[in-house]
Amino acid sequence: MRTATLGPAQRARSLAAMAEGELDVLVVGGGVVGAGTALDAVTRGLSTGLVEARDWASGTSSRSSKLIHGGLRYLEMLDFSLVREALKERGLLLERLAPHLVKPVPFLYPLQHKGWERLYAGSGVALYDAMSMARGHGRGLPMHRHLSRRHALRVAPALKKDALVGALQYYDAQMDDARFVATLVRTAAAYGAQTANRARVTGFLREGERVVGARVQDVEGGGEYEVRARQVVNATGVWTDDTQAMVGERGQFHVRASKGIHLVVPRDRIHSTTGLILRTEKSVLFVIPWGRHWIVGTTDTGWDLDKAHPAASSADIDYLLEHVNAVLSVPLTRDDVEGVYAGLRPLLAGESDATSKLSREHTVAHPVPGLVVVAGGKYTTYRVMAKDAVDAAVHGLDLRVADCVTEEVPLLGAEGYQALWNARARTAARTGLHVVRVEHLLNRYGSMAGELLDLVADDPSLGEPLQSADDYLRAEIVYAASHEGARHLDDVLTRRTRISIETFDRGARSAREAAELMAPVLGWDKDQIEREVQHYEKRVEAERESQRQPDDLTADAARLGAPDIVPL
C-alpha cells in the first residue's frame, strides 16, 4: 500500500475535507488511543477524521516508560484479565503489527531474601510467561530464567554485591512511544482518514440532545471549521473531564491524573547488559536500556496542576536517584542526568485516594447521543480500547459496519522490514552509510527508511549527522517536517527525535541547525527561524528551572514561564 505524507499540504487538505461533508466518525485526541481509534474506524470502511489540539502524542503518549508489557505487577493484584489482554497485544505488536518499532528488552529482578522470595517471584514470572505462550503470541521472547548471585552480577556488574542474593531475568518489550503514535496516524491516513494536528476542538455541535460534530480551530492558521460527524469519539486522556464539560453534561466517570517522571542517563553510567526492575514502597522502579542511554523511572503521584506541561520537581528527581542508588555500587548524581521528562497517566477515578491503586482498566461510555467517551487503560492495550470505542460508535450508526480488523493490519513500515533488515549490509554498501546508521533508520522507520535514503541521494549533506546530536541524521529532521506532521522545532526535538532528553544541553545546541533544515519545508523566513529557536531555548530553561524547585506547585509555576506555542 502507499504511504501517507503528513506534510503542510496534507494538513490543509484534511481540514478542508473534514469541513466539507459529514464524517461517519470524528476522533478528538491525537494520542495513542485516538490514533488507534482513527485507524480502527477507517479500516472498517468508515469515513474518519482525527484532530489534535497540539502535536501528535504531545501529552501522555510521548512521556511514558516506553514499555510494551503485560504488567507483571498486576498479576500480584490478581488482575489476570488485564495481564492476559496486554500480553496478547504485546505479542501482536512484536510479531505482526509493528516489529520495526517494538523490540524485546530483558529485565533483571534482584532477589533480596533467600528461599521464599525466589519461589514467590519465580511463580509469578513463570505464570507471566505461561499466559503469554497460552495466547499463542509469546514465541518472540525468551522464557525467564533463575540466576545465582554470581551469575546476576556478571549480567549486571553495576549492582552492589549485598543488594541481592540471586535474581530472576525475564523479557518484555519497548518502543519509542511518540514515534509509534506518529506511525499510527500515518497508517490511518494511508487508509483514508483525514488527520490534522494543531487543530483544537473548542466546542461540540448539537441538534437537540444529540452531538453532531465539533467546532475546530486551526491553531496555526487561525480559521475555525465546523466538522459534522454522525459519531464523535472523545479520546483525550487526562483532558477527558475538560472535553466532556463542553457538552454540558456530567460525565459518567472521572479521570484523575497521576504524574510519573523519568530520568535519562548515559549508558556508561550503569554497567549492565540488562534492564532492572526494583520494588519501592509505593510501586516498582525500572532501569530501561534506551540506545546509548538508560531511562530510570517512574514515580506515581497525584497531579491537579497544568496538564499540558507536567513538571518534575527536585523532590521527584531525588526520589528516583535515592531508590536506584540503593542497589548501584557506583551511585548516580544530578550531574549524570542528561534528561528529565514528566507525564500524566489517565486513571479512572475510584474510591482509593492513592493513584497507584486506581484502575488501569479502560471504560467506554455513550453519555449523550452522538458522543462516545473512551478513557483509562494503558499504552499496551491501545488497540483494544480503540476497538471498544469504535464498537460503541457503530451502535449509533444506521449502517452495516464490518468488525474490527486491526489485529491483521500492520503499521506502515512493518511490511518488508525483516527482508530489509537482512539486507542492511548491502544497503549500507549501496548508500555509503555505515551499517549502524542503516540499522538506526530501519528501527525507526521500517520499510519507509527508503524514503529517507532517497532524501540523502538527492542531497548528500542530509546523510550527515546533526552536529550536536550525532545519533540522528540531518535527513530525519527534514523528513519529520515533510512526512511526519511536525509543525514546530519543539515537535522535532522532543517527539520525532528524542534529542531533548538524550543530550546534556537538552537539544539547545541542535536547535538552530534543526530549524534551518525545517524552514524550506514549512516556508519559514529568518524571523520565524529565530522565533522557533528562542521559543525552544526558553522551554529548556523553564524545564531546568522547574527541576530545581522543591515541590509540584513551585515546579509548575516555573515550567509555565515558557509560552506553549510559536505563532506563525
Side-chain angles (χ1 to χ4, degrees), residues 6-8 11 29-36 50-66 98 101 174-189 195-199 219-220 237-238 262 264 290-291 293 295 307-310 338-344 379 382 411-413 440 443-445 448 452 466 469 471-473 475-503 506-508 510-511 514-515 517-518 521-522 532 535-536 539-540 543 559 562 564-566:
L6 302 185
R11 179 181 175 277
V32 70
V33 177
L50 171 66
V51 293
E52 159 58 39
R54 296 186 297 151
D55 185 29
W56 306 122
S58 57
T60 303
S61 294
S62 61
R63 306 178 192 189
S64 72
S65 297
K66 309 190 187 334
L101 301 176
Q174 70 177 161
M175 46 69 218
D176 182 330
D177 47 9
R179 172 146 302 284
F180 190 94
V181 174
T183 308
L184 262 180
V185 175
R186 288 188 70 188
T187 307
T195 65
N197 55 351
R198 308 285 181 185
V219 177
E220 303 284 270
V238 294
H262 296 79
V264 182
W290 181 255
H293 318 269
I295 294 175
K307 294 188 181 79
H309 304 293
E338 293 175 287
V340 181
Y341 65 94
L344 301 177
Y379 199 112
Y382 82 88
L411 302 194
L412 288 183
H440 165 87
N443 284 331
R444 283 170 56 75
Y445 307 95
M448 293 186 293
L452 286 102
L466 286 174
D471 279 352
Y472 299 94
L473 298 180
E476 295 181 75
I477 308 302
V478 174
Y479 189 80
S482 63
H483 286 67
E484 296 183 326
R487 301 285 301 167
H488 292 283
L489 181 59
D490 186 55
D491 300 344
V492 170
L493 297 182
T494 306
R495 287 173 289 279
R496 303 307 183 281
T497 70
R498 308 320 287 257
I499 293 170
S500 67
I501 59 172
E502 292 175 346
T503 57
R506 311 285 173 93
S510 303
L517 287 166
M518 297 172 68
V521 180
L522 298 176
E532 292 283 340
H535 167 264
Y536 187 79
R539 199 212 82 167
V540 168
E543 287 189 346
R559 177 60 185 88
D564 188 30
I565 191 169
V566 182

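Annotation for Ala57 and Ser62: closest pair O-OG, 2.7 Å, computed over non-hydrogen atoms. Minimum interatomic distance between Ala199 and Ala196 (heavy atoms only, all atoms of both residues): CB-O, 3.7 Å. The two residues Ile499 and Ser510 have their closest heavy-atom pair at CG2-OG, 4.1 Å. Heavy atoms only, all atoms of each residue included: Val185 and Ala35 are closest at CG2-CB, 3.8 Å. Closest of all the heavy-atom pairs between Pro8 and Arg487 is CB-NH1, 3.6 Å. The two residues Ser65 and His262 make their nearest non-hydrogen contact at OG-NE2, 2.7 Å.
In this structure Arg559 satisfies the salt bridge (Lys or Arg N to Asp or Glu O under 4.0 Å) test together with Glu543, sequence neighbours excluded. Not a single side chain to side chain donor-acceptor pair (under 3.5 Å) links Thr183 to another residue, sequence neighbours left out. Every residue meeting the side chain to side chain donor-acceptor pair (under 3.5 Å) condition with Asp176, not counting sequence neighbours, appears here in chain and number order: Arg498. Judged as a side chain to side chain donor-acceptor pair (under 3.5 Å), and not counting sequence neighbours, His483 has no contacts. Under the salt bridge (Lys or Arg N to Asp or Glu O under 4.0 Å) criterion, Arg54 pairs with no residue at all, not counting sequence neighbours. Residues forming a side chain to side chain donor-acceptor pair (under 3.5 Å) with Asn197 (at least two apart in sequence, or on another chain): Asp55.
Side-chain contact between Leu50 and Trp56 is present, with heavy atoms from C-beta onward closer than 4.5 Å. Side chains of Thr497 and Leu466 form no contact here, defined as non-hydrogen atoms less than 4.5 Å apart. Counting only heavy atoms from C-beta outward, the side chains of Asp491 and Arg198 approach each other to under 4.5 Å. You'll find the side chain of Tyr536 reaches within 4.5 Å of the side chain of Ser500, heavy atoms only. Looking only at side-chain heavy atoms (C-beta outward), Lys66 and Asp177 come within less than 4.5 Å of each other. Proximity of Met518 to Leu489: side-chain heavy atoms (C-beta onward) are separated by under 4.5 Å at one or more points. Side-chain contact between Arg179 and Tyr445 is present, with at least one heavy-atom pair separated by less than 4.5 Å. Here the side chains of Ile501 and His293 are not in contact, with every heavy-atom distance at 4.5 Å or above.
Distance alone, capped at 3.5 Å, places no donor-acceptor pair between the Glu532 side chain and the Ala515 backbone. Formation of a donor-acceptor pair under 3.5 Å by the Ser482 side chain with backbone atoms of Gly7 is not found in this model. Thr60 contributes no side-chain N or O that, together with a main-chain N or O of Gly343, makes up a donor-acceptor pair within less than 3.5 Å. Arg186 places no side-chain N or O within donor-acceptor distance of the main-chain N or O of Val181, the cut-off being under 3.5 Å. Between the Tyr341 side chain and the Ser64 main chain, a donor and an acceptor come within less than 3.5 Å of each other. Formation of a donor-acceptor pair under 3.5 Å by the Ser61 side chain with backbone atoms of Val32 is found in this model.
The existence of a salt bridge linking Glu220 and Arg11 is excluded, since no basic side-chain nitrogen approaches an acidic carboxylate oxygen closer than 4.0 Å. Between Arg444 and Asp471 there is no salt bridge, since no side-chain N of the basic residue sits under 4.0 Å from a carboxylate O of the acidic one.
Residue Tyr472 is tested with Arg496, His440, Glu502 for a side chain to side chain donor-acceptor pair (under 3.5 Å); the sole match is Glu502.
Here the straight-line distance linking atom CG of Leu473 with atom CG of Leu517 works out to 11.0 Å at 0.5 Å rounding. Atom OG1 of Thr494 sits about 8.5 Å away from atom CZ of Arg63, to the nearest 0.5 Å. For the atom pair OG1 (Thr195) and CG (Leu6), the distance works out to 5.0 Å, reported to the nearest 0.5 Å. Of the inter-residue distances, the one linking Ser58 atom OG with Arg495 atom CZ reads 5.5 Å to the nearest 0.5 angstrom.
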